[in-house]
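Below is one structure; the comments refer to it alone.
All values below were derived from every heavy atom in this structure, side-chain atoms included, with hydrogens, water molecules and symmetry-related copies excluded. Here is how names work: the chains are called A, B, and so on, in the same order as the sequence lines, proteins then strands, and each is numbered from 1.
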Amino acid sequence: MRNSNEIIDDIANKEYEYGFTTDIEMDIAPAGLNEDVIRFISAKKEEPEWLLEWRLKGYQAFKKMQLPKWQHFDMPEMDFQKVSYYAAPKKKKQLNSLDEVDPELLATFEKLGIPLNEQKALSGVAVDAVFDSVSVATTFKGKLKEMGVIFCSFGEAVREHPDLVKKYLGSVVPHSDNIFAALNAAVFSDGSFVYIPKGVRCPMELSTYFRINAQNTGQFERTLIIADDNSYVSYLEGCTAPMRDENQLHAAVVELVAMDHAEIKYSTVQNWYPGDKDGKGGIYNFVTKRGICKGNSSKISWTQVETGSAITWKYPSVILQGDDAMGEFYSVAVTRNKQIADTGTKIYHLGRNTRSRIISKGISAGQGENTYRGLVQVGPRAHNARNFTQCDSLLIGNRCGAHTFPYIESRNKSATVEHEATTSKIGEDQIFYLNQRGIDTEKAVALIVNGYAKEVLNQLPMEFAVEAQKLLSITLEGSVG
Amino acid sequence: MLTIKNLHAEVDGKEILKGIDLEIRKGEVHAIMGPNGSGKSSLASVLAGRENYTVTQGEVNFDGKDLLELSPEDRAREGMFLAFQYPVEIPGVSNINFLKTALNEIRAYKGLPAMEAKEFLKLTKEKQQLVEFNANLMNRSLNEGFSGGEKKRNEILQLAMLDPKLGILDETDSGLDIDALRIVAGGVNKLRGPEKSFLVITHYQRLLDYIVPDFVHVLYNGRIVKTGTKELALELEEKGYDWLKEAEVHV
Ligand SMILES: Nc1ncnc2c1ncn2[C@@H]1O[C@H](COP(=O)(O)OP(=O)(O)OP(=O)(O)O)[C@@H](O)[C@H]1O
Ligand SMILES: [Mg+2]
C-alpha cells in the first residue's frame with residue numbers, strides 16, 4: 001500500500017508534458033547585448049527611427065541598473081551577455097494567410113492544444129501565436145476588423161498603426177521602470193497589440209499563446225492593450241517551453257490603458273517549464289505588467305494562474321487614475337519541487353471613490369517557496385477609496401514555505417483598507433476522510449486545491465477555467481504528505 | 001461479511017487493540033459499547049485503514065478479500081463505509097461536488113460509467129428525504145460551519161448515497177437531538193437488508209431501541225470482554241462497566 005508521502009513525492013516528480021522541442025530553421029542573433037545587437041533587431045524588423053531611438057534609451061537605462069535585492073529569494077546570477085536576443089523562425093516570404101505558415105509551426109501549436117486553423121479553433125477565441133520572438137499567426141482577424149477591433153502582432157502594429165503605438169508605448173511601463181522592463185524596451189521582439197474602439201464590446205476572447213523553443217535565447221515580448229471609451233475586452237495569455245537544463249529568461253512587459261467606462265480583463269495561465277525536481281533548468285519569469293484606469297469608472301482586472309517557471313517575479317499593478325475606477329487582482333500561484341514565486345500586485349488609488357479588490361491564493365508543495373508581496377497606496381486626492389485584500393496560503397507537506405508582505409500606504413483619511421490573511425495546511429484527516437469515501441489521495445488533493453482556488457478560477461473565461469483546473473490537478477499530482 | 005481474528009494494533013508505539021475477534025455476517029447489525037478510551041474508534045480507524053495505526057498481529061477478511069492489504073480508498077470502494085465520530089470540515093469543496101466525486105470514483109472502481117447528472121440529482125433528492133437533510137447544506141462547503149447534528153446527518157446521507165456493504169457508525173447518535181435521532185435511526189433501518197451489515201458504536205442503549213442489534217459487544221481496554229444480545233445493552237445501562245472490569249481480570 002502506498003502511503004501519502006510516496007504519492008506526494010510522485011506528484012512532485014511528475015514530468016512536464018509540454019517539454020518537447022520543434023526542429024525548424026531559425027534566424028538567431030549571436031549571443032551578447034550591445035548597441036549593435038539592438039540596431040540589428042530593429043533593422044531585422046524594419047522599424048522606424050523613433051522606435052530604434054526608444055530601444056536605445058531603454059538600453060542606456062538598463063546599463064545603469066542593478067538587479068533588485070528586495071525579493072524574498074536569492075537572485076540567481078544572470079549573465080546578460082550569454083543570451084541571444086533575437087530568434088525567429090526563418091520566414092520565406094511575407095505571409096498573407098494562415099495557409100502559408102510553416103506546417104511544422106502549425107503542428108507545434110496543434111500539439112499544444114492551440115489549433116491555429118480557424119475551423120478547428122475554439123469558437124469565440126481569437127489567438128495570436130508567438131513562437132520564440134515572433135508572432136506567427138493571428139486568427140479571426142477579419143472578423144474582428146469588421147468591428148474596428150485591432151488585434152495583431154506588435155510588429156504589424158508598428159507598421160500599420162504607428163500613431164497609436166507611438167502614443168501609448170511606454171506610457172504605463174516606462175523604458176526605465178526597472179531593469180527587466182528596461183531590458184525589454186531595448187530588445188523586445190514582438191508581442192500582441194490590441195485596440196478596442198469607442199463603444200465596442202469585443203465579441204470574442206483575445207488570446208496570445210507564447211512558446212519558447214530555441215536554446216540560449218530569452219523571450220522578450222511586449223503587449224499593449226488600449227480600450228477606448230465605453231469598450232470592453234477580455235484577453236488571455238498562455239505559455240509553455242521545452243525542458244532544458246539551462247535557465248532561460250522571460251522578461252515581458254504588458255501595458256493596459258482603459259479610458260472612460262472601459263473595462264479590460266486580462267487573464268494569464270502561466271505554465272512555463274518549471275525545471276526538474278532538483279531545481280535544474282526552468283524559466284526565469286521576470287515580468288512587468290501594469291494597467292492604468294485613465295478614464296472615470298474604468299476597470300482593469302488581472303487574473304493569473306501561475307503554475308510554471310523556476311522563478312516567478314511579477315506584480316501586475318493597476319493605477320486608478322480616473323474617479324470611480326476599479327482595479328482587481330485575482331491570483332493562484334503554485335510552487336512545488338524547488339520553484340520560487342514572489343508575486344502580488346500594486347494598486348495605486350489616485351482618483352476619488354476608487355475601489356480595489358485583491359484575492360491571492362498561494363499553494364506551496366515540495367520545497368516550493370511562495371511569497372505574496374502587495375502594495376496598496378492611497379493618494380491624497382483619493383477620497384473614499386476602498387480596498388479589500390484577502391491573502392491565503394495553503395501548504396502541502398512540511399518542506400515548503402509561504403510568506404506575505406502586504407504594504408499599505410494611505411494618505412487620505414477617508415480611505416478604507418482591509419486586509420485578511422490565512423495560512424492552512426491540507427490535513428491528513430481531510431485526506432483520510434476523502435479516502436474513506438473512495439477518493440484516492442491525488443484526487444483528494446486536487447479536489448481540495450481546486451476548492452481553495454475556486455474564487456480565482458471562477459474569474460477565468462470558461463474555456464480556460466476548465467484547463468486551469470486540470471493544470472492545478474496535474475501540477476500537484478503526488479504532492480501530499 | 002467481516003471476520004476479524006486476533007487483531008492487535010498500536011499507535012505511536014502504544015498498543016490500543018489487544019486481540020479482537022469479531023464475526024459479522026451478511027444482514028447482521030452488531031453494536032459495540034464500552035467506556036471512553038477503550039478502543040472503539042480505534043477499531044473503526046484500523047478497519048478503514050487510517051495510516052497512523054499499525055497492525056501488529058491478526059487478520060481481517062472483508063467479503064472474501066484480505067482487508068489489511070487494501071488502501072483506504074479501495075476499502076471504501078469495496079463497500080466499507082465509516083460514519084465518523086468527528087467528521088472533518090473541508091473548506092471550498094461543496095458537499096454536492098464531493099458526493100458526486102465519491103460516488104463516481106466508486107462506480108469507476110466497479111467498471112461503471114459516471115452517473116448522469118439527472119440520475120444523480122434524483123438520487124440525491126431521494127436520499128436527502130430519507131434523513132430529512134436540509135437541501136441548503138448541499139451547496140455549502142463540506143461540513144464547514146455545520147452544526148454537530150448536521151454533520152452527523154450528513155454522514156448518514158453519504159452512507160445512503162454510497163450504498164456500502166458494511167456501514168460502521170461511530171457514535172452517530174451523539175450530538176443528535178431526540179427527533180434527529182429518530183429520523184437518522186429510521187433512515188438506517190430503511191437501508192438495512194439481507195446483503196447489508198452494520199457495526200454501530202454507541203454509548204447509549206436509546207439508539208439501540210431504534211436500531212435493534214443482533215449482537216452487542218463490550219469493548220474494554222482493547223478487547224471484547226463480553227458479547228450478548230440487545231438485553232446486554234440494557235444491563236450495561238443499569239450497571240455501568242465496573243462489573244465487567246472484574247470479568248476482565250478473571251479472563
Ligand atoms: N495518536 C494517538 N496517540 C496516542 N494515543 C492514542 C492516539 N489515538 C488514540 N489514542 C488512544 O487510544 C485509546 C483509544 O481511543 P479511542 O478513540 O479508540 O477510544 P473510544 O473507545 O472511541 O473512546 P470514546 O468513547 O471516548 O470515543 C485512548 O486511550 C486514546 O487516547
Ligand atoms: Mg470514539
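When B:S94, B:S45, B:A102 are compared by the number of non-hydrogen pairs under 4.5 Å with chain A, B:A102 comes out ahead. By number of non-hydrogen pairs under 4.5 angstrom with chain A, the leading residue of B:L103, B:N52, B:L82 is B:L82. Ranked by heavy-atom pairs under 4.5 Å with chain A, the list B:N97, B:V93, B:N104 is led by B:V93.
Within the 4.5 angstrom heavy-atom criterion, only side-chain atoms of B:Q158, from C-beta onward, approach chain A. Of the atoms belonging to B:L142, it is side-chain heavy atoms, and not backbone ones, that fall under 4.5 Å from chain A. Proximity to chain A (any heavy atom under 4.5 Å) is shown, for B:P87, by both the backbone and the side chain. If you measure heavy-atom distances from B:L162 to chain A, the contacts under 4.5 Å come from the side chain alone. Neither the backbone nor the side chain of B:D74 comes within contact range of chain A; no heavy atoms are under 4.5 Å apart.
Between the side chains of A:T389 and A:N387, at least one donor-acceptor pair of N or O atoms lies under 3.5 Å. With hydrogens and angles left out, the side-chain atoms of B:H203 and B:E171 include a donor and acceptor closer than 3.5 Å.
Contact record, B:A160 with B:L130: CB-CD2, 3.9 Å, taken as the closest heavy-atom pair.
In this structure, A:W302 has its ring center closer than 6.0 angstrom to the ring center of A:Y266. Between A:Y372 and A:F405, the ring centre distance reaches or exceeds 6.0 Å.
B:S42 places no side-chain N or O within donor-acceptor distance of the main-chain N or O of B:K40, the cut-off being under 3.5 Å.
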